[in-house]
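Structure record follows, encoded as structure tokens.
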Amino acid sequence: MAARFVELQPHNGFDRFANPNWQMVPAIGSRTLLLQGVGDVPVASSNPRIATVSVSEVFGVRFVRINGVRAGSCQIQVGLGPIFDVVLDVSVKNKKRVRTSFHYVDDGRVQKTSRLIGDLNDMIAAANQIVLPQANVELTRHGAAPLRIAQNLRRVVRFSAHLSGVAARQHEWDIVTGHADRTADFNVFFVKEYEQDRTPLRDDAEAGTLGGSCIFEDDTIDPAGLVLAHELVHHLGVDHTNNQRDLMFDGSPSGIFIPKDHANTANP
Amino acid sequence: MRLASLSVPSLPIRAAAALMLLAVHSITGNFVMAKQAVNLEQRVEQAFRAARDNEFDRIGQLPALGPRVAPLLAPYLRDEQADIRREAVAVLAALGGESAKPLLVEALGDQDAEIRERAARALYVAYQPSALARDKAVGPALRASVLAGNPSAAGLLLLGYFPDAENERALREVVDQFGGELTKLSDSGPSVMAALPARIALSQLGDREAREALLGVIDGASLAEAEFLLAALRDIDSPTVLHALKKTLDDEREIAGGLPSGAGPRRRLRDAAVDAFARRLKLKVAFRLHDSRRYSDEQIAQVRRLIDASLPR
């Protein structure tokens with residue numbers, strides 16, 4: 001059996017598709033992996049000022065515990081070197097807090113979200129269960145309040161500024177996001193219906209994120225916590241992928257995996 | 001009744017009346033101002049008291065109260081709790097302006113790296129670098145913050161506006177020791193190696209080697225590096241580097257910026273390059289700039305001609 005690291009728990013910041021494999025470790029925290037396919041060889045950190053490593057053996061199974069010291073990157077090297085049996089890239093990350101304000105839009109007509117403030121903490125907890133262990137990103141609640149908008153937002157709130165031939169008044173994005181809390185890092189606006197293409201009556205967008213604001217409709221296929229995590233990672237600069245296992249998959253249903261590149265973009 | 005005798009009192013009486021009116025106005029005026037100040041202080045205090053209980057809605061209302069709020073935030077900027085200091089920096093960032101500046105500079109020295117980063121970003125976004133450079137307190141505070149481990153690209157880029165041997169040394173130290181670590185300019189922006197913003201700043205300070213290295217990066221730039229360079233175009237002053245960056249006007253790679261996630265047609269790097277160059281060089285283009293749309297080949301060619309006409313080789 002070739003020497004390799006194996007994750008003990010899925011979606012805990014380990015990327016087995018990266019070469020070398022990669023592990024996120026919180027700056028004040030640790031991660032433990034299984035080490036397979038090697039005998040009693042040394043395991044060391046290339047930079048103990050960034051991460052330290054300790055090895056324990058239980059019934060012949062070797063566990064490698066990586067402790068984050070300070071933000072930065074290093075390698076865990078297995079073997080005597082200079083060519084190691086196996087290496088693991090490690091990124092030690094400080095916690096990235098994204099202070100988020102939530103706005104429950106109501107235009108007094110048909111555009112009134114059915115979401116409830118009382119459900120918000122569960123939604124945030126579900127999002128954090130995805131992003132915190134994998135990227136050390138935490139969404140924190142900065143505010144949550146009903147937002148009464150005087151203008152008629154009609155049946156569908158739209159982003160249409162990029163579409164030629166669509167009347168400017170159809171672009172309600174600016175009206176809604178103009179109410180952002182300027183002291184928050186990220187503003188989420190819950191609306192009844194949102195679209196961002198030429199066919200506003202075909203419901204094929206669940207949310208859109210741009211410039212620190214997200215418009216998020218009521219009727220989502222994926223669970224709301226997962227959509228919130230997806231939009232949060234967009235806010236942190238990550239684009240869509242074609243891998244269904246990824247949180248950033250461009251479609252539904254999506255997975256919750258955050259690969260190395262995405263974690264490093266979201267929380268460098 | 002003889003109105004004339006009532007309507008024109010003698011000069012001493014008129015002067016006394018005027019003085020009395022002035023005194024009353026001054027007293028009431030001062031009273032109103034004092035009352036407003038107390039109200040302001042109370043609102044700030046109430047907002048931060050609520051924030052200690054994890055209620056932040058009132059914090060979000062503080063920027064609307066205007067620049068007089070800024071000095072009232074000083075005690076919260078020195079609070080024991082990092083969460084409270086973070087809120088104070090967020091309000092200062094939203095306020096901007098002269099009254100917020102010294103406190104944001106102070107926050108560059110916060111014990112928490114994340115708060116130092118937020119302060120550097122706020123200074124980068126809310127102020128003209130040339131205006132910051134006139135303030136003697138800013139350069140040393142920035143340098144100390146960078147050396148203490150400010151992970152923000154904003155702090156590195158701003159150092160380029162402070163010609164000083166110590167600042168150059170600090171930036172070289174970043175390139176040599178931490179150049180491989182990742183950094184960002186904004187939450188939504190790309191992440192790049194810290195060596196890139198450090199070299200942009202060094203180039204601005206006249207470092208020839210850094211300038212050559214920048215040209216090398218532009219030659220084979222990843223999409224993230226190219227996007228970062230365009231986002232930091234304000235901080236690039238070398239015509240040689242700016243001319244080299246014209247190649248982004250040909251780059252068809254699609255980027256995420258300008259549109260909400262998932263919307264299309266997506267913009268290309270060349271569209272972002274048009275916006276960045278037009279704003280950086282104040283080009284008088286014969287079409288409307290638009291952050292969400294694609295530009296035609298003719299419009300892009302026009303921008304290229306205007307760059308050539310406005311930048312020396």
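Protein chains get the first letters and strands the later ones, always in sequence-line order, with residue 1 at the start of each.
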query = Which ring pair (Phe, Tyr, Trp, His ring centres under 6.0 Å) pairs, counting each pair once, include a residue from residues 79-105 of chain B, with sequence neighbours left out?
reply = none

key: Note: Asp185(A)-Arg121(B) ion pair, threshold 4.0 Å (strictly below)   = no

task = Go through the steps for Ile50(A) and Glu181(B) under the test side chain to side chain contact (heavy atoms under 4.5 Å, CB included), then give the verdict.
result = CA-CA 12 Å; Ile50(A) 289 176; Glu181(B) 301 298 341; 4.2 Å; yes

Top contributor to chain B interface from Asp197(A), Val238(A), Asp239(A), Asp181(A) [non-hydrogen pairs under 4.5 Å] = Asp239(A)

inquiry  = Tell me if the CZ atom of Arg49(A) is crowded by more than 12 foreign heavy atoms within 6.0 Å.
reply    = no

request  = Only counting residues at least two apart or in another chain, list the ones meeting salt bridge (charged side-chain N to carboxylate O under 4.0 Å, His left out) with Asp204(A).
outcome  = Arg202(A)

ask   = So does Ile28(A) have more than 12 non-hydrogen atoms from other groups sitting under 6.0 Å from CD1?
value = no

key: chain A contacts, top residue of Pro63(B), Gly149(B), Gly257(B), Ala51(B) (heavy-atom pairs, under 4.5 Å)   = Pro63(B)

remark   = Most contact-rich option vs chain B, by heavy-atom pairs under 4.5 angstrom, among Gly72(A), Gly143(A), Ala180(A), Pro268(A), is Pro268(A)

query = Where on Asn264(A) is there a heavy atom nearer than 4.5 Å to chain B: the side chain, the backbone, both, or neither?
reply = both

inquiry  = Looking only at heavy atoms and a cut-off of under 4.5 Å, which of Glu195(A), Lys96(A), Arg97(A), His240(A) has the most pairs with chain B?
reply    = Arg97(A)

ask   = What part of Ala93(B) lies closer than 4.5 angstrom to a heavy atom of chain A: side chain, backbone, both or neither?
value = neither

request  = Kindly check if the number of other-residue, nucleotide or ligand heavy atoms within 6.0 Å of CZ (Arg253(B)) is above 12?
outcome  = yes

message = For the CG atom of Asp291(B) and the NE2 atom of His162(A), what is their distance to the nearest 0.5 Å?
response = 13.5 Å

request  = Counting only heavy atoms closer than 4.5 Å, note whether Leu163(A) contacts chain B via side chain, backbone, both or neither.
outcome  = both

ask   = Any donor-acceptor pair under 3.5 Å linking the side chain of Gln196(A) with the backbone of Ser261(B)?
value = yes

ask   = Where is the tightest heavy-atom contact between Phe56(B) and His142(A), given as atom of each residue plus distance?
value = CB-O, 2.6 Å

message = Quick check on the structure: residues of residues 184-194 of chain B within a heavy-atom distance below 4.5 Å of chain A, by number.
response = Lys184(B), Asp187(B), Ser188(B), Gly189(B), Ser191(B)

key: Sub-4.5 Å side-chain heavy-atom contact between Phe159(A) and Ser292(B)   = yes

Structural part of Pro151(B) lying under 4.5 Å from a heavy atom of chain A = neither

request  = With a 4.5 angstrom heavy-atom cut-off, could you sort out which part of Phe102(A) is near chain B: side chain, backbone, both or neither?
outcome  = neither

ask   = Taking Gly264(B), Pro265(B), Ala113(B) one by one, which has the highest count of heavy-atom pairs under 4.5 Å against chain A?
value = Gly264(B)

task = Without swapping roles, check the side chain of Arg293(B) against the backbone of Ala161(A) for a donor-acceptor pair under 3.5 Å.
result = yes

Other residues, nucleotides, ligands: >12 heavy atoms within 6.0 Å of Lys192(A) NZ = no

key: Derivation and outcome, salt bridge (Lys or Arg N to Asp or Glu O under 4.0 Å), residues Arg141(A) and Asp57(B)   = CA-CA 10 Å; Arg141(A) 176 173 165 164; Asp57(B) 299 274; over 6 Å; no

task = Pick one of side chain, backbone, both or neither for Arg118(B), based on which atoms fall under 4.5 Å of a heavy atom in chain A.
result = side chain

request  = Could you pull out the closest heavy-atom pair between Ala90(B) and Thr183(A), with the gap in Å?
outcome  = CB-O, 3.5 Å

message = Using 0.5 Å steps for rounding, measure from the CD1 atom of Ile59(B) to the CZ atom of Arg182(A).
response = 14.0 Å

ask   = When only heavy atoms count and the cut-off is under 4.5 Å, which of residues 69-87 of chain B reach chain A?
value = Arg86(B), Glu87(B)

